[in-house]
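Note that the coordinates shown come from a computational prediction; the quantities given were computed from them, not determined experimentally. Residue numbers begin at 1 in each chain, while the letters A, B, ... track the order of the sequences. Just the heavy atoms: all of them, side chains too, but no hydrogens, waters or symmetry mates, feed the values below.
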Amino acid sequence: MPATAIDVKQHRTGIILSTFGVVLFVVFLFSLSIGQVSIPVEEIFFITLKKIGLYRSYQPDAVHEVVLWTIRLPRVLMTILIGAALAISGAALQGMFRNPLVEPGLIGVSSGAALAVVVLIVFGGVLSLTRESMSMSMLMPLFAFAGGFLATLLVMKIGNQVGRTNIAVLILGGVAINALAGALMGLVIFFADENQLRMFTFWTLGDLGGATWSKLLIATPLLILSSVWLLTFQLPLNAIAIGEAEAFHMGVDVERVKKSIVFFSALAVGVSVSLAGTIGFVGLVVPHLIRVMFQADNRLVLPASLLGGPVLLLLADIIARSVVAPSELPIGVVTALVGAPFFILLLNRAKQKNELSTQ
Amino acid sequence: MISARNISLSIHGRKLLNKVSLDVQPGMFTAIAGPNGAGKTSLLKILSKETTQHTGEVLVNDMPVSKYSVADLSTIRAVLPQASRVQFPFSVRQIVKMGRQHHKSLKKHNDTIVGEVSELTGISGWMDRNYLSLSGGEQQRVQLARVLSQVWEEKDFPRYVLLDEPTSSLDIAQQQLIFSLVKHACARNIGVLAIVHDLNQTVQFADKLYFLKSGSVVAHGDSKSVFTKNIIEETFCCRVNVYHDPCTDCPYIVPDRVGVAGVV
């Protein structure tokens, strides 16, 4: 186990990241190619060339073109963006809380976002916010972000002990806020009509299938902004790994770093939740795998999570839509089926290494 | 010079520090000794700007510490807290290098400093080891190397190192090594302030000595001149005898087994 090994290997960050990049590209193509209608890889290239106006004379199979361009490509792109956002948020939050067991779901981001979206679905009409479906797809990311952000702030407030974060209290606070959000969601659903209920059910299933270009139009800039912004905290997070006071002494404005990370991970996770529901475990597992496989240096962990998250989510999506084809499993079911046993494994290891102390 | 004037601190109505004044001069090793709970660590936190709820003034190189940005302050002073708990498996090299990561100097230059400091602290043999696999004493030396690397570079202004019990988990040979290293740092225009427990060792190395008790300074001055039976007994409420060691030409104390003053 590298965590207890005597030596820490020096890794070539560049080589690892390029490998991740290549793997991501391969999985991306594979994901575009397979499905109920399988599209050969060269056809994917040609259709893309045609669409961007470089190979106008190409006459692709009409079904393939429609499937690729209106169904599969938006879905795959959305999967990549969400995978990246969840994984880098997880990596940044784990680094910030100095705890490898933290994931966005544990500190209330996901349930806060989900509650806000449910409120929007059920009461949006009353507040005359959602006259058209277009404004719904615009408002959902905003509501999800606000909900996620508020819930996280609340959890952080609970975990705050004389200016410091008490991790045990924080996690328990997260449990409480998650339970509260769940109860409030149940309460809100009580007021939902049949149509809203159907909308909500589809959404909670954690569905990547609902991807459309118009949804991507709003979500993409937000997800890219937040993910790339989180990427800039590599060195401050390394310093925080030694301790918050130590990082402060070394010149890191710890309070500002913490606030930015909470803000941008709430944005990233909130928008992801609004697009595809709550997808668990990607944010927990990806950064942890990278630390176990390579090293804990955030100059690797953050960018590698950004590339590894999409790989994992794309693979999970391939499983989700192929095992019970022509129907498909909710993506949350697949990630949880793989993630939950892994999480239990992590807890066991952490117990053995006494990592679950109260600070 | 780091200069603290009339520092008082109360937390939850409890007075932790009462009008403490203290100077840390560049090129000198200043030590603070005192019983547990005397307010030594609180004072160190105020000097490093970690705590700001105090009254009184702290000047660092003639400017109030509150006027410095976090980043600027980090090029002037480095701090070794009592215990650092690292949560992820970093290598020794990565930890020491973190002391340099916020300095905008060339990688090669930083590597030279890291190499020099690691050599001095005696950790250069295990730069690739996993920090978490080291013993407590070894970890402490790595942290010290990190702290020194932060201010090691020669500059045209004095730098400072604030150490909270730097030798607490070291054996006597390592303690001597750390103290002589601290003297070595003084020669580079660095002022050292350390909270210490071993008085006999301190008096061999420290230039200035402050005795702190219940948040107030009992006595301060040249370390050998304040190292007296009366002052030490008053500070620690413990009977001691002071002798002179001809080999080191230093005084040393032996606590008296008759018991704690006041109880007897």
Side-chain angles (χ1 to χ4, degrees), chain A residues 1-11 91 94-102 162-164 167 234-257 287-288 290-292 294-301 350 353-359, chain B residues 11-12 41 44-45 47-53 68-104 126-134 139 142-143 146-147 149-151 160-162 164:
Chain A
M1 286 277 135
T4 49
I6 298 298
D7 280 338
V8 173
K9 273 183 243 138
Q10 291 292 307
H11 289 284
Q94 287 174 3
M96 179 186 119
F97 287 119
R98 297 162 35 77
N99 193 307
L101 303 178
V102 171
V162 224
R164 301 232 170 177
I167 293 290
Q234 298 169 18
L235 291 180
L237 282 176
N238 273 357
I240 287 173
I242 298 187
E244 284 188 18
E246 287 84 343
F248 171 77
H249 297 143
M250 286 191 281
V252 178
D253 191 341
V254 177
E255 278 311 307
R256 195 191 63 82
V257 168
H288 209 92
I290 290 158
R291 277 191 217 99
V292 171
F294 306 108
Q295 61 185 24
D297 191 330
N298 286 301
R299 281 171 295 182
L300 176 73
V301 175
K353 286 166 51 200
N354 240 346
E355 275 175 354
L356 292 173
S357 62
T358 48
Q359 53 165 324
Chain B
I11 287 180
H12 301 312
T41 299
L44 201 83
K45 283 185 177 169
L47 296 179
S48 67
K49 203 188 167 186
E50 200 184 322
T51 303
T52 52
Q53 304 105 306
Y68 284 95
S69 73
V70 183
D72 285 346
L73 203 56
S74 76
T75 61
I76 300 176
R77 64 97 186 90
V79 185
L80 180 74
Q82 243 170 51
S84 293
R85 271 174 59 100
V86 177
Q87 291 283 15
F88 296 110
F90 283 93
S91 74
V92 170
R93 187 189 314 278
Q94 284 167 333
I95 301 255
V96 180
K97 269 189 161 177
M98 280 180 206
R100 301 291 316 163
Q101 73 183 13
H102 294 281
H103 294 261
K104 290 179 180 65
W126 9 284
M127 295 304 277
D128 291 323
R129 290 265 302 270
N130 177 352
Y131 177 85
L132 299 178
S133 74
L134 302 178
Q139 290 187 347
V142 173
Q143 293 291 349
R146 170 181 69 77
V147 166
S149 79
Q150 196 178 323
V151 290
Y160 306 90
V161 172
L162 312 178
D164 196 347

Only one of A:D297, A:I242, A:V252 passes side chain to side chain contact (heavy atoms under 4.5 Å, CB included) with B:M98; say which it is.
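The passing option is A:I242.
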
Backbone of A:L235 reached by a side-chain donor or acceptor of B:Q101 within 3.5 Å
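Such a contact is found between B:Q101 side chain and A:L235 backbone.
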
In Å and rounded to the nearest 0.5 Å, what is the NZ to CG distance from B:K97 to A:N238?
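Separation between the atoms: 11.5 Å.
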
First locate atom CD of A:E244, then atom CD of B:E50, and finally report the distance between them rounded to the nearest 0.5 Å.
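Here the interatomic distance stands at 10.0 Å.
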
Does NZ or CZ of A:R98 fall inside the cone over B:F88's six-membered ring, less than 6.0 Å from its centre and within 45° of the axis?
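Verdict for B:F88: no cation-pi partner in A:R98.
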
Please evaluate residues B:S74 and A:H249 with respect to the criterion side chain to side chain contact (heavy atoms under 4.5 Å, CB included), reporting the C-alpha separation (whole Å), side-chain torsions for both, the decisive distance (0.1 Å), and the verdict.
CA-CA 6 Å; B:S74 76; A:H249 297 143; over 6 Å; no

Could you look at B:R146 and say if it's the side chain, the backbone, both or neither that has a heavy atom under 4.5 Å from chain A?
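Only the side chain of B:R146 comes within 4.5 Å of chain A.
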
Start with the C-alpha distance between A:F248 and B:K49, add both sets of side-chain angles, then the distance that settles side chain to side chain contact (heavy atoms under 4.5 Å, CB included), and finish with yes or no.
CA-CA 9 Å; A:F248 171 77; B:K49 203 188 167 186; 4.2 Å; yes

Show the nearest heavy-atom pair for residues A:A296 and B:F90, with the distance to one decimal.
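That would be O-CZ, 3.6 Å.
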
Any side-chain heavy atom of A:Q295 sitting closer than 4.5 Å to one from B:P89?
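They are not in contact (no side-chain heavy atoms under 4.5 Å apart), so the answer is no.
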
For chain A, find which of B:V86, B:T75, B:V79 contributes the most heavy-atom pairs closer than 4.5 angstrom.
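Heavy-atom pair counts peak at B:V79.
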
